[in-house]
2 protein chains.
Amino acid sequence: MDESTPQIRIDTWLHALRESGYRLTPSLRAVVAVVAESHHALTPMQVLALAQAGDAEISRATVYRTLEKLVELRLVQTVHDASDCLRYVAGDADHQLLVICPQCGRSDAVQSERLMGLVNAIAADHGYRLKDRLLQIFGICPECQ
Amino acid sequence: MDESTPQIRIDTWLHALRESGYRLTPSLRAVVAVVAESHHALTPMQVLALAQAGDAEISRATVYRTLEKLVELRLVQTVHDASDCLRYVAGDADHQLLVICPQCGRSDAVQSERLMGLVNAIAADHGYRLKDRLLQIFGICPECQ
DNA sequence: GTGATTGCAAAGCGTTTGCACCGTA
DNA sequence: TACGGTGCAAACGCTTTGCAATCAC
């Protein structure tokens, strides 16, 4: 997350969106303002509520479609609740980095003291009391290459 | 992921489940067999299909309920597709570790060359061609403590 | 025997889609 | 003016739930 002021970030995002050929509509601006200014991970429904609270007239569908654009441009990233699950695989998330092949679904769980130590240190540095980890990387496995 | 044989892992899991007071029903055994033997991240529906293919008579609801138990006992962990999203937050997932407070939703994006280097090295060691990263840790933030 | 577990089917809920209208460029 | 974007509402699909029947212990 960069350290620019909210307004500068908003302008940067709008500029990037226009550069990519998107039209700067009021709905889009509203979503950008909400997400760019927030220091919180927001659900689409929360974005909708905040945008509407800020006077904007906007629909659910547009929120989803706009968030998609922001992700596409890498201005925004998605956060995954540890409790939310799409797939299940043997292993204990608290002590492993999971390497997953998005093509075939194969997964390898990797134990790495160094990695865990590093992650713990980062959390401590920022004053967070660590609860859960979600360390997963996605790559094409040897067989699918 | 431990290196034991499938059968031993199945027995270990069943033992742990019984220890926790769960009854070892045919449906539960079927789910355990499928997930413990697989080296793939499976969706609940895939688990269902595989269990049914293996002769078991089992319903969707039971698959969900059984997977919950396995996660609770930390025998299984959930995998999150990079494309699936619950919340959105400013930042670029490819270069950051996200620290999130599950209580208030606050998030801090951390850049760490060492962490990224370590992750890249691990992927390479295992023969994976890295595509996406999902490095997120959850901890109570200073203000919520 | 008895209380946990299951199957079924309905309900739930966030997300996606189709389409006519609107507004940016 | 043209066509990308929007709102609405219906459709969708995975997940959850209620309840009676079942079965592990």
Side-chain angles (χ1 to χ4, degrees), chain A residues 11 13-35 41-73 76 78-88 105, chain B residues 10-11 13-35 41-52 54-73 76 78-88 105:
Chain A
D11 292 340
W13 288 18
L14 291 177
H15 183 74
L17 284 159
R18 192 171 43 199
E19 285 289 289
S20 297
Y22 292 117
R23 294 185 180 176
L24 306 188
T25 66
S27 296
L28 181 142
R29 289 172 188 274
V31 170
V32 166
V34 166
V35 181
L42 304 168
T43 65
M45 300 307 268
Q46 288 177 317
V47 173
L48 175 64
L50 288 169
Q52 289 177 331
D55 86 342
E57 238 180 69
I58 183 172
S59 70
R60 246 165 306 165
T62 300
V63 169
Y64 283 103
R65 292 187 275 229
T66 304
L67 288 171
E68 246 173 50
K69 296 172 187 170
L70 298 179
V71 170
E72 178 204 329
L73 297 186
V76 150
T78 56
V79 170
H80 302 259
D81 261 336
S83 60
D84 167 77
C85 42
L86 282 146
R87 304 184 179 209
Y88 296 81
Chain B
I10 291 174
D11 292 339
W13 289 16
L14 292 177
H15 184 73
L17 284 159
R18 193 170 43 199
E19 286 287 290
S20 297
Y22 293 116
R23 294 183 180 180
L24 306 187
T25 66
S27 296
L28 180 144
R29 288 172 187 275
V31 170
V32 166
V34 166
V35 180
L42 304 168
T43 65
M45 300 307 269
Q46 288 176 316
V47 173
L48 175 65
L50 288 169
Q52 288 176 332
D55 86 341
E57 238 180 68
I58 183 173
S59 70
R60 246 165 305 164
T62 300
V63 169
Y64 283 102
R65 291 187 276 229
T66 305
L67 288 171
E68 247 174 49
K69 296 173 187 171
L70 297 179
V71 171
E72 177 204 330
L73 297 187
V76 150
T78 57
V79 171
H80 303 258
D81 262 334
S83 59
D84 166 77
C85 45
L86 282 144
R87 303 184 179 211
Y88 296 81

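Convention: sequence-line order gives letters A, B, ...; per-chain numbering from 1.
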Mind checking whether [X] and [Y] have side chains closer than 4.5 Å, heavy atoms only?
| X | Y | answer |
| --- | --- | --- |
| B:Val31 | B:Thr62 | no |
| B:Glu72 | B:Glu68 | no |
| A:Leu14 | A:Leu28 | yes |

Selected nucleotide, minimal atom distance to A:Ala61 side chain, candidates D:dA9, C:dG7, D:dT6: D:dA9
Nucleotide nearest B:Pro26 (side chain, heavy atoms from C-beta), chosen from D:dT6, C:dT6, D:dA24: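 From the listed options, D:dA24 comes nearest.
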Residue-phosphate contact under 4.0 Å: [X] side-chain N/O, [N] OP1/OP2:
| X | N | answer |
| --- | --- | --- |
| A:Thr25 | C:dT24 | no |
| A:Lys69 | D:dT6 | yes |
| A:Ser27 | D:dG5 | no |

Between CD on residue B:Gln52 and CD on residue B:Glu57, distance to nearest 0.5 Å: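 Going from the CD atom of B:Gln52 to the CD atom of B:Glu57 covers 9.0 Å.
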Separation between NZ of B:Lys69 and OG of B:Ser20, rounded to the nearest 0.5 Å: 10.5 Å
Upstream residue (5' side of DNA chain C) when A:Glu68 and B:Val63 are each assigned their closest nucleotide: B:Val63
Test log, rule side chain to side chain contact (heavy atoms under 4.5 Å, CB included), inputs B:Leu67 and B:Thr78: CA-CA 10 Å; B:Leu67 288 171; B:Thr78 57; over 6 Å; no
[atom1] of [X] versus [atom2] of [N]: gap in Å, rounded?
| X | N | atom1 | atom2 | answer |
| --- | --- | --- | --- | --- |
| A:Arg60 | D:dT6 | CZ | C1' | 14 Å |
| A:Arg29 | C:dG23 | CZ | P | 15 Å |
| B:Glu57 | D:dA21 | CD | P | 18 Å |
| B:Leu24 | C:dA4 | CG | P | 16 Å |
| B:Met45 | D:dC12 | CE | P | 16 Å |
| B:Leu48 | D:dG13 | CG | C1' | 14 Å |
| A:Leu67 | D:dT6 | CG | P | 12 Å |

Selection: residues 14-23 of chain A, any non-hydrogen atom under 4.0 Å of DNA chain C: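 Residues of residues 14-23 of chain A under 4.0 Å from DNA chain C: A:Arg23.
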Distance-only donor-acceptor test (3.5 Å): side chain A:Arg65, base D:dG7: yes
Among B:Leu42, B:Val32, B:Thr66, B:Leu70, side-chain contact (heavy atoms from CB on, under 4.5 Å) partner for B:Val76: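 Looking at B:Leu42, B:Val32, B:Thr66, B:Leu70, the match for B:Val76 under the side-chain contact (heavy atoms from CB on, under 4.5 Å) is B:Leu70.
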